[in-house]
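Below is one structure, written out as structure tokens; the observations come after it.
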Amino acid sequence: QVQLVESGGGLVQPGGSLRLSCAASGNIFSLNAVGWYRQAPGKQRELVADITSGNNTNYADSVKGRFTISRDNAKNTVYLQMNSLKPEDTAVYYCNAWIVVLTTTLPARNYWGQGTQVTVSS
């Protein structure tokens with residue numbers, strides 16, 4: 001059984017910072033590409049940033065220069081450092097990951113976390 005658990009969300013003032021964590025647990029052979037998504041009320045879920053197993057990164061234009069995605073492979077954890085937060089960053093943030101479970105003979109499967117709320121307000 002594999003689980004993705006997000007943490008680190010909360011309420012911050014504009015200009016503040018938060019660091020989100022996405023921790024994968026279970027019998028994991030490899031944690032491959034991982035992405036952070038967010039969904040605000042009345043809007044579609046959008047990709048915020050992603051990172052490959054080779055450490056290549058990609059960011060939505062709206063967060064470039066403010067957010068940084070990184071990973072700690074030993075901990076099967078991916079982080080999203082969010083600086084200079086704006087009210088429009090308010091959303092539920094979800095972790096999405098491709099994970100190989102048990103053996104390399106099985107294909108990678110896609111998993112979603114439950115989400116963590118980020119609210120930016122004065």
Side-chain angles (χ1 to χ4, degrees):
Q1 186 175 358
V2 171
Q3 291 183 312
L4 288 178
V5 179
E6 302 98 332
S7 62
L11 174 64
V12 296
Q13 294 184 335
S17 297
L18 284 173
R19 189 180 76 158
L20 305 184
S21 297
C22 172
S25 62
N27 196 352
I28 299 170
F29 181 81
S30 65
L31 178 64
N32 297 336
V34 179
W36 281 100
Y37 293 74
R38 67 185 181 188
Q39 188 165 24
K43 296 184 178 180
Q44 292 187 330
R45 188 171 299 185
E46 64 174 346
L47 177 67
V48 176
D50 59 53
I51 185 167
T52 69
S53 60
N55 250 349
N56 292 319
T57 59
N58 179 61
Y59 299 91
D61 186 66
S62 60
V63 307
K64 286 181 179 177
R66 300 188 297 121
F67 291 10
T68 302
I69 189 170
S70 62
R71 62 192 295 156
D72 185 336
N73 291 328
K75 296 181 179 180
N76 284 325
T77 300
V78 173
Y79 305 96
L80 185 67
Q81 178 66 46
M82 305 186 296
N83 299 325
S84 302
L85 283 162
K86 304 175 180 180
E88 50 262 46
D89 295 319
T90 296
V92 177
Y93 284 70
Y94 298 91
C95 181
N96 177 273
W98 289 92
I99 299 172
V100 177
V101 182
L102 297 178
T103 74
T104 57
T105 63
L106 298 175
R109 297 178 63 185
N110 191 249
Y111 295 84
W112 285 96
Q114 295 296 309
T116 184
Q117 177 71 49
V118 172
T119 301
V120 184
S121 176
S122 60

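The side-chain contact (heavy atoms from CB on, under 4.5 Å) check on S121 picks up L11, T119, with sequence neighbours excluded. S70 meets the side chain to side chain donor-acceptor pair (under 3.5 Å) test with no other residue; sequence neighbours excluded. Residues satisfying the side-chain contact (heavy atoms from CB on, under 4.5 Å) criterion with Q114, sequence neighbours excluded, are E6. Residues satisfying the side chain to side chain donor-acceptor pair (under 3.5 Å) test with N58, not counting sequence neighbours, are none. Considering only residues two or more places apart in sequence or on other chains, N110 meets the side chain to side chain donor-acceptor pair (under 3.5 Å) condition with N96. Scanning for side-chain contact (heavy atoms from CB on, under 4.5 Å) contacts around I28 gives V2, A24, N76, I99, with sequence neighbours left out. Under the side-chain contact (heavy atoms from CB on, under 4.5 Å) criterion, T52 pairs with N56, not counting sequence neighbours. Scanning for side chain to side chain donor-acceptor pair (under 3.5 Å) contacts around S17 gives N83, with sequence neighbours left out.
Rounded to the nearest 0.5 angstrom, Q3 CD and S25 OG are separated by 5.0 Å. Rounding to the nearest 0.5 angstrom, the gap separating the CH2 atom in W36 from the OH atom in Y59 is 13.0 Å.
For an aromatic pair to be called close, the ring centres must be under 6.0 Å apart, and W112 with Y37 satisfies this.
In this pair, Y93 and F67 present their aromatic rings tilted. The plane angle is within the 30 to 60° band.
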Taking only distance into account, with no hydrogens and no angle test, what donor-acceptor pairs under 3.5 Å do side-chain atoms of residues 40-51 form with protein atoms, sequence neighbours excluded?
| from | atom 1 | to | atom 2 | distance (Å) |
| --- | --- | --- | --- | --- |
| R45 | NE | Q39 | OE1 | 3.4 |
| R45 | NH2 | Q39 | OE1 | 3.4 |
| E46 | OE2 | R38 | NE | 2.8 |
| E46 | OE2 | R38 | NH2 | 3.4 |

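Follow the hydrophobic side-chain contacts under 4.5 Å out from V101 and you reach V34 in the same cluster. L18 and V92 fall into different hydrophobic clusters, defined by Ile, Leu, Val, Met, Phe, Trp and Tyr side-chain heavy atoms under 4.5 Å apart, directly or through other members.
Taking both residues in full, the closest heavy atoms of L31 and A97 are given as CD1-CB, 3.7 Å, listed atom of the first, atom of the second, then distance. The nearest pair of heavy atoms linking T77 to S21 is CG2-CB, 4.4 Å. Minimum heavy-atom separation, P14 to S122: CD-N, 3.7 Å.
Screening residues 20-33 for salt bridge (charged side-chain N to carboxylate O under 4.0 Å, His left out), with sequence neighbours left out, gives no hits. Annotation: disulfide (SG to SG under 2.5 Å) contacts involving residues 43-96, sequence neighbours excluded, comprise C22-C95. Pairs passing the salt bridge (charged side-chain N to carboxylate O under 4.0 Å, His left out) check and including a residue from residues 65-84, sequence neighbours excluded, read R66-D89.
Other residues, nucleotides and ligands place more than 12 heavy atoms under 6.0 Å from the CD atom of E88.
Side-chain atoms of T116 and L20, non-hydrogen and from C-beta on, do get closer than 4.5 Å to each other.
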Practice problem: Before giving the answer on side-chain contact (heavy atoms from CB on, under 4.5 Å), spell out for L80 and T68 the whole-Å C-alpha distance, their side-chain angles and the decisive distance to 0.1 Å. | Solution: CA-CA 6 Å; L80 185 67; T68 302; over 6 Å; no
